[in-house]
Amino acid sequence: MTKTVITYGTFDLFHVGHVRLLKRLSKLGDRLVVGCSTDQFNELKGKRTIMSYEQRKEVLESCRYVDGVFPESNWEQKREDVLREEASIFAMGDDWVGKFDELSDIVEVIYLPRTQDISTTEIKELVASVKQDKKQELLNVCDHLMALATRL
Ligand code: CTP
């Protein structure tokens, strides 16, 4: 019988932490399906993504470790998803420890350690700080040019 693993996430700005998690999850069974948070659901969670749901889904589908992607549009759908996909393992990163234990009557619930030092939030912060540095550099050039102009 096919052993299906199910997981969930936003997977915005797909990064190596995502790849490593999906790789480890795919090794736990024969088939890995991913519930990808929709834009509306993210809005509800107060999360704004750079990539749209369609783009995030397309990237996930092109990942060799992923066999299927479906929309995650609310907090309550997980029990139904597990039954529909006939999943035998429900797995999440350990930032969710304990949060889904109530599903353990129908599926094995596990939490895997996250990859250190990378997250979508950190990538966004890094890009924002690079943008800020560039802005400051431009402001410095402007100040310099103004100072030169006043001396002419
Ligand atoms: N994940 C991981 N290692 C990381 C980042 C994420 O194992 N360094 C896992 C999460 O635990 C989750 C899945 O990847 O099970 C999807 O996480 P997601 O929230 O989309 O990614 P993050 O990078 O954590 O995004 P954010 O910073 O917006 O929370």
Side-chain angles (χ1 to χ4, degrees), residues 1-140:
M1 203 188 130
T2 309
K3 191 172 181 184
T4 297
V5 180
I6 192 167
T7 192
Y8 292 82
T10 296
F11 298 96
D12 191 23
L13 303 178
F14 197 75
H15 56 68
V16 72
H18 295 146
V19 174
R20 289 183 187 164
L21 176 85
L22 296 171
K23 184 177 182 179
R24 279 180 291 159
L25 292 181
S26 71
K27 287 188 177 148
L28 298 177
D30 312 303
R31 178 174 165 260
L32 172 63
V33 290
V34 181
C36 179
S37 303
T38 62
D39 296 331
Q40 289 81 356
F41 186 43
N42 277 326
E43 215 174 301
L44 199 91
K45 291 190 279 185
K47 200 167 191 171
R48 253 186 89 186
T49 57
I50 304 289
M51 296 159 68
S52 68
Y53 170 74
E54 286 307 325
Q55 291 170 335
R56 291 180 283 114
K57 179 173 181 275
E58 197 174 325
V59 171
L60 277 168
E61 281 170 345
S62 68
C63 175
R64 70 167 77 168
Y65 306 115
V66 175
D67 299 292
V69 181
F70 60 88
E72 181 196 28
S73 23
N74 59 69
W75 291 111
E76 294 81 32
Q77 71 186 70
K78 296 196 172 61
R79 189 167 284 272
E80 207 178 286
D81 295 339
V82 166
L83 297 173
R84 183 193 63 247
E85 299 292 340
E86 299 183 347
S88 41
I89 297 181
F90 178 102
M92 297 290 289
D94 61 6
D95 39 334
W96 292 99
V97 165
K99 296 275 183 347
F100 300 104
D101 290 356
E102 83 267 9
L103 294 171
S104 50
D105 57 331
I106 54 166
V107 70
E108 183 187 349
V109 180
I110 61 166
Y111 304 95
L112 296 186
R114 284 168 66 92
T115 300
Q116 293 302 300
D117 303 323
I118 184 148
S119 72
T120 301
T121 305
E122 280 176 55
I123 295 172
K124 282 189 199 164
E125 285 169 359
L126 191 71
V127 171
S129 75
V130 169
K131 259 172 94 178
Q132 187 55 39
D133 285 354
K134 283 277 161 220
K135 197 171 152 191
Q136 194 54 53
E137 237 173 68
L138 278 173
L139 287 172
N140 292 345

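As the structure lists them, so they are numbered: ligands from 1, and atoms in each ligand from 1.
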For [X] and [Y], work out which heavy atoms get closest and say how close.
X	Y	answer
Ser37	Arg56	O-NH1, 2.8 Å
Leu22	Tyr65	O-CB, 3.7 Å
Ala87	Ile6	CB-CG2, 3.8 Å

What atoms of ligand 1 come within less than 4.0 Å of a heavy atom belonging to [X]?
X	result
Ser119	23 (O), 27 (O)
Thr10	20 (O)
Ile118	4 (C), 5 (C), 8 (N)
Gly93	11 (O), 15 (O)
Lys47	19 (O), 26 (P), 28 (O), 29 (O)

Name the orientation class of the two ring planes belonging to Trp75 and Phe41 (parallel below 30°, tilted from 30 to 60°, perpendicular beyond 60°).
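The rings of Trp75 and Phe41 stand perpendicular, inter-plane angle above 60°.
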Partner of Thr4 by side chain to side chain contact (heavy atoms under 4.5 Å, CB included), out of Val82, Asp67, Leu32, Val33:
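Only match with Thr4 under side chain to side chain contact (heavy atoms under 4.5 Å, CB included): Val33.
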Among all protein heavy atoms, pick out the one at the shortest distance from [atom]; state its residue, atom name and that distance to 0.1 Å.
atom	result
atom 26 (P) of ligand 1	Thr121 OG1, 3.4 Å
atom 6 (C) of ligand 1	Arg114 NH1, 3.5 Å
atom 3 (N) of ligand 1	Thr115 N, 3.1 Å
atom 11 (O) of ligand 1	Asp95 OD1, 2.7 Å
atom 18 (P) of ligand 1	His18 NE2, 3.7 Å
atom 20 (O) of ligand 1	Phe11 N, 2.8 Å
atom 13 (C) of ligand 1	Leu21 CD2, 3.6 Å

For Asp81, is there an ion pair with Lys78 - N to carboxylate O distance below 4.0 angstrom?
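Asp81 and Lys78: not salt-bridged.
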May I ask you to decide whether Arg31 forms a salt bridge with Glu85, counting only side-chain N to carboxylate O separations under 4.0 Å?
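Counted as a salt bridge, because a side-chain N and a carboxylate O are separated by less than 4.0 Å.
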Centres of the Phe100 and Tyr111 rings: under 6.0 Å?
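No, ring centres 6.0 Å or more apart.
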Say whether His15 and ligand 1 are in contact under the criterion: heavy-atom distance to a ligand atom below 4.0 Å.
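In this structure, His15 qualifies as a contact of ligand 1 - some heavy atom is under 4.0 Å.
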Answer yes or no: does atom CD of Glu102 have more than 12 heavy-atom neighbours from other residues, nucleotides or ligands under 6.0 Å?
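Buried by this count: over 12 neighbours within 6.0 Å.
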